[in-house]
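I have placed the structure first, in the form of structure tokens, so that the comments after it can refer back to it.
FYI, the numbering just counts along the sequence from 1.
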Amino acid sequence: MSGYRAVEATADDGFTLVEREFEPVGAGQVRIAVEACGVCHSDVAGIMNMTGSRPSGVPVVPGHEVVGRIDAVGEGVTGRRVGQRVGLGYLGGHCGVCAMCRRGDFVHCTDQPVPGDSAPGGYAEYVTVRASGLVAVPDDTPAAELAPLMCAGLTVHHALVASPARMGDLVAVQGIGGLGHLGIQYARALGFRVAAIARGRGKEELALRLGAHHYIDSTASDPGQALRELGGARVVLATAGSGASMSPLVEGLAVHGQLVVVGVAQDPIEVSTVPLVFGGRSVVGSLTGTPSDNEDNVAFAHAHGIRPMVETVPLERAGEAYARMLSGDARFRMVLETGR
């Protein structure tokens with residue numbers, strides 16, 4: 001093989017299908033032959049170079065929801081073999097030696113590549129990554145269904161299992177989109193009483209079908225008040241990218257309840273100090289989990305029949321898929337397939 005196809009992107013020039021040359025697989029790395037890669041809203045950060053991880057104008061291969069098979073193994077890699085099916089999420093492999101890694105906090109490793117941002121990602125036929133970032137995935141599940149679990153699925157699953165909510169508690173999922181439609185399924189499978197919150201009645205039937213016990217139309221009533229009428233939420237999982245829509249939800253928390261924010265918004269969340277102080281309520285953010293957490297996530301989803309709703313397109317139509325994701329028209333995750 002002399003090269004492979006990949007899609008490069010920049011903020012100004014859009015998406016370009018290119019031929020890239022293979023590079024040697026370094027020590028501690030593996031090369032993955034990509035079967036599918038999800039199109040995630042977090043891809044925006046890499047394409048727009050929001051973190052300043054590369055010089056202005058230099059393109060990146062986006063994508064961090066990768067599923068494929070190991071094609072080559074670098075020196076020093078153990079426990080991985082050519083042909084093994086693996087996944088890759090938002091974090092591209094912890095270093096194991098920084099201060100955060102020494103404390104076991106691999107998510108916040110200070111020397112960790114982010115596929116599609118500080119390192120080439122999965123909008124390609126092949127991607128080379130650190131072996132420490134790999135997730136073992138089953139052989140019998142379609143790649144297009146597994147790919148969104150690598151980031152979107154892990155994000156909501158980890159946020160819920162790490163929260164103070166316990167079986168039988170009221171848990172609300174705000175937003176029924178790429179994250180929220182999975183959040184409802186996970187919350188129901190975890191044994192919570194689930195309230196779905198969205199604008200209008202258009203998604204009510206879907207929310208109930210996905211497992212919600214209650215539906216709250218945030219345009220018809222104050223969602224905080226509606227949650228209080230249901231007894232107060234132990235946790236509200238905020239997935240919508242709007243701080244203004246999250247702000248009223250704190251009032252709907254039960255005593256010691258948490259607003260767990262996983263949707264990244266450009267505007268601030270505004271919170272009164274009264275419900276925080278007098279109810280011991282809190283607002284926390286949750287980024288993602290470790291590869292081990294992700295394997296737990298995949299196993300849980302498989303055991304409970306949790307499946308993302310996906311639209312698939314071939315790799316060369318990555319620009320179209322990205323635009324559809326940004327517009328909010330996708331139902332609910334766009335996935336690129338390489339035809340493998």
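- Nearest heavy-atom pair across Ala172 and Ile197 is CB-CD1, 4.0 Å.
- The hydrophobic cluster containing Met309 also contains Leu179, counting ILVMFWY residues as joined when their side-chain heavy atoms lie under 4.5 angstrom apart, directly or transitively.
- A side-chain contact (heavy atoms from CB on, under 4.5 Å) with Arg333 is found for exactly one of Leu149, Thr312, Val310, Val39, namely Val310.
- The list of salt bridge (charged side-chain N to carboxylate O under 4.0 Å, His left out) pairs with a residue in residues 144-163, not counting sequence neighbours, reads Glu145-Arg307.
- Judged purely by atom type and a 3.5 angstrom limit, Arg234 has no side-chain atom pairing as donor or acceptor with the backbone of Ala254.
- When atom types are taken as modelled, the side chain of Ser247 and the backbone of Gly243 share a donor-acceptor pair closer than 3.5 angstrom.
- Of all the heavy atoms in Val60 and Ala119, the pair that sits closest is CG2-O, 4.2 Å.
- Two residues are said to be in side-chain contact when any heavy atoms from C-beta on lie closer than 4.5 Å; Val313 and Met334 meet this criterion.
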- Message: Does Ser245 form a side-chain hydrogen bond (donor to acceptor under 3.5 Å, both in side chains) with Gln174? I'd like the steps, not just the answer.
- Response: CA-CA 9 Å; Ser245 69; Gln174 179 241 6; 2.8 Å; yes
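- Expressed to the nearest 0.5 Å, how far CG of Asp222 lies from CG of Leu227 amounts to 9.0 Å.
- Heavy-atom neighbours of Glu23 CD from other residues, nucleotides or ligands within 6.0 Å: at or below the threshold of 12.
- Residues passing the ring-ring contact (aromatic ring centres under 6.0 Å, His included) test with Phe192: none are found, sequence neighbours excluded.
- When side chains are defined from C-beta on, Val261 counts as touching Val283, because their heavy atoms get closer than 4.5 Å.
- A salt bridge between Glu35 and Arg69 is present, with a side-chain N of the basic residue lying under 4.0 Å from a carboxylate O of the acidic one.
- To the nearest 0.5 angstrom, Asp117 atom CG is 12.0 Å from Met48 atom CE.
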- Give the intermediate values and the outcome of side-chain contact (heavy atoms from CB on, under 4.5 Å) for residues Ile70 and Leu134. CA-CA 10 Å; Ile70 295 177; Leu134 296 181; 4.1 Å; yes
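- Neither Phe332 nor Val44 shares a network with the other; the hydrophobic side chains, linked directly or stepwise wherever heavy atoms of I, L, V, M, F, W or Y lie under 4.5 Å apart, form separate groups for each.
- Taking 4.5 Å as the limit, every side-chain heavy atom of Val335 sits out of range of all side-chain heavy atoms of Glu65.
- With hydrogens and angles disregarded, no donor-acceptor distance shorter than 3.5 Å links the side chain of Arg20 to the backbone of Tyr4.
- Taken from OG in Ser53 to CG in Asn49, the straight-line distance is 5.0 Å, to the nearest 0.5 Å.
- To the nearest 0.5 Å, atoms CZ (Arg324) and CZ (Arg317) are separated by 10.0 Å.
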- Message: Evaluate Val67 against Arg85 for side-chain contact (heavy atoms from CB on, under 4.5 Å), listing each step before the verdict.
- Response: CA-CA 7 Å; Val67 171; Arg85 203 174 194 218; 4.1 Å; yes
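- Leu91 CG to Gln112 CD: the interatomic distance, rounded to the nearest 0.5 Å, is 4.0 Å.
- Nearest heavy atoms, Gly93 versus Pro113: O-CD, 3.6 Å.
- Panel note: side chain Glu295, backbone Ala136; a donor-acceptor pair is recorded below 3.5 Å.
- At a threshold of 4.5 Å between side-chain heavy atoms, the hydrophobic network of Ile, Leu, Val, Met, Phe, Trp and Tyr places Leu88 and Leu146 in two separate groups.
- Between Met150 and Val137 the shortest side-chain heavy-atom distance falls below 4.5 Å.
- Between the side chain of Arg281 and the main chain of Leu253, a donor-acceptor pair closer than 3.5 Å is present.
- The side-chain hydrogen bond (donor to acceptor under 3.5 Å, both in side chains) contacts involving residues 74-84 comprise nothing, where partners must be two or more places apart or lie in separate chains.
- What you find for Gly96 and Cys101 is that their closest heavy atoms are N-SG, 3.3 Å.
- The shortest side-chain heavy-atom distance between Ser242 and Asp267 falls under the 4.5 Å cut-off.
- A donor-acceptor pair is defined here as one N or O able to donate and one able to accept, closer than 3.5 Å; no such pair exists between the side chain of Thr338 and the backbone of Glu125.
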Sequence neighbours left out, cut at 3.5 Å: what donor-acceptor pairs do the side chains of residues 157-171 make with other protein atoms?
from	atom 1	to	atom 2	distance (Å)
Ser163	OG	Leu160	O	2.7
Ser163	OG	Ala165	N	3.2
Arg166	NH1	Ser163	O	3.1
Asp169	OD2	Arg166	N	2.7

- Task: Evaluate the side-chain contact (heavy atoms from CB on, under 4.5 Å) criterion for residues Glu251 and Gln225: first the C-alpha distance (whole Å), next the side-chain angles of each, then the deciding distance (0.1 Å), finally the verdict.
- Result: CA-CA 7 Å; Glu251 299 282 352; Gln225 175 63 33; over 6 Å; no
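- Of the possible donor and acceptor atoms, none in the side chain of Asp71 sits under 3.5 Å from a partner among the backbone N and O of Ile32.
- Take His94 and apply the ring-ring contact (aromatic ring centres under 6.0 Å, His included) test, not counting sequence neighbours, and it matches Phe106.
- Using cut-offs of 30° and 60° on the angle between ring planes, the pair Phe15 and Tyr322 is tilted.
- Using a 4.5 Å heavy-atom cutoff, the side chains of Val58 and Thr10 are not in contact.
- Cluster membership for Val73 and Val86, using ILVMFWY side-chain heavy atoms within less than 4.5 angstrom, is shared.
- The closest donor-acceptor contact from the side chain of His181 to the backbone of Gly178 lies under 3.5 Å.
- Summarising the geometry, atom CD1 belonging to Ile184 is positioned 11.0 Å from atom CZ belonging to Arg209; distances are rounded to the nearest 0.5 Å.
- With hydrogens and angles disregarded, a donor-acceptor distance shorter than 3.5 Å links the side chain of Asp293 to the backbone of Thr290.
- Of the possible polar contacts, none joining the Asn297 side chain to the Ala301 backbone as a donor-acceptor pair under 3.5 Å is found.
- Sparse packing is recorded around NE2 of His302, with 12 or fewer heavy atoms of other residues, nucleotides or ligands lying under 6.0 Å away.
- You'll find the side chain of Leu208 stays beyond 4.5 Å of the side chain of His213, heavy atoms only.
- Across all non-hydrogen atoms, the minimal contact from Ser42 to Tyr90 is CB-CE1, 4.2 Å.
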- Task: Run the numbers on Arg201 and Tyr215 for side-chain contact (heavy atoms from CB on, under 4.5 Å), then give the verdict.
- Result: CA-CA 9 Å; Arg201 312 300 300 194; Tyr215 183 83; 4.0 Å; yes
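- Contact of the Cys151 side chain with the Thr288 side chain is not registered, since no non-hydrogen atoms from C-beta on lie closer than 4.5 Å.
- The heavy-atom pair separating Ala195 from Leu230 by the smallest distance is CB-CD1, 4.3 Å.
- Heavy-atom neighbours of Arg54 CZ from other residues, nucleotides or ligands within 6.0 Å: above the threshold of 12.
- His256 is linked by a ring-ring contact (aromatic ring centres under 6.0 Å, His included) to nothing, counting only residues two or more places apart in sequence or in another chain.
- Criterion: ILVMFWY side-chain heavy atoms under 4.5 Å apart, direct or through other members. Under it, Val260 and Leu190 are part of a common hydrophobic cluster.
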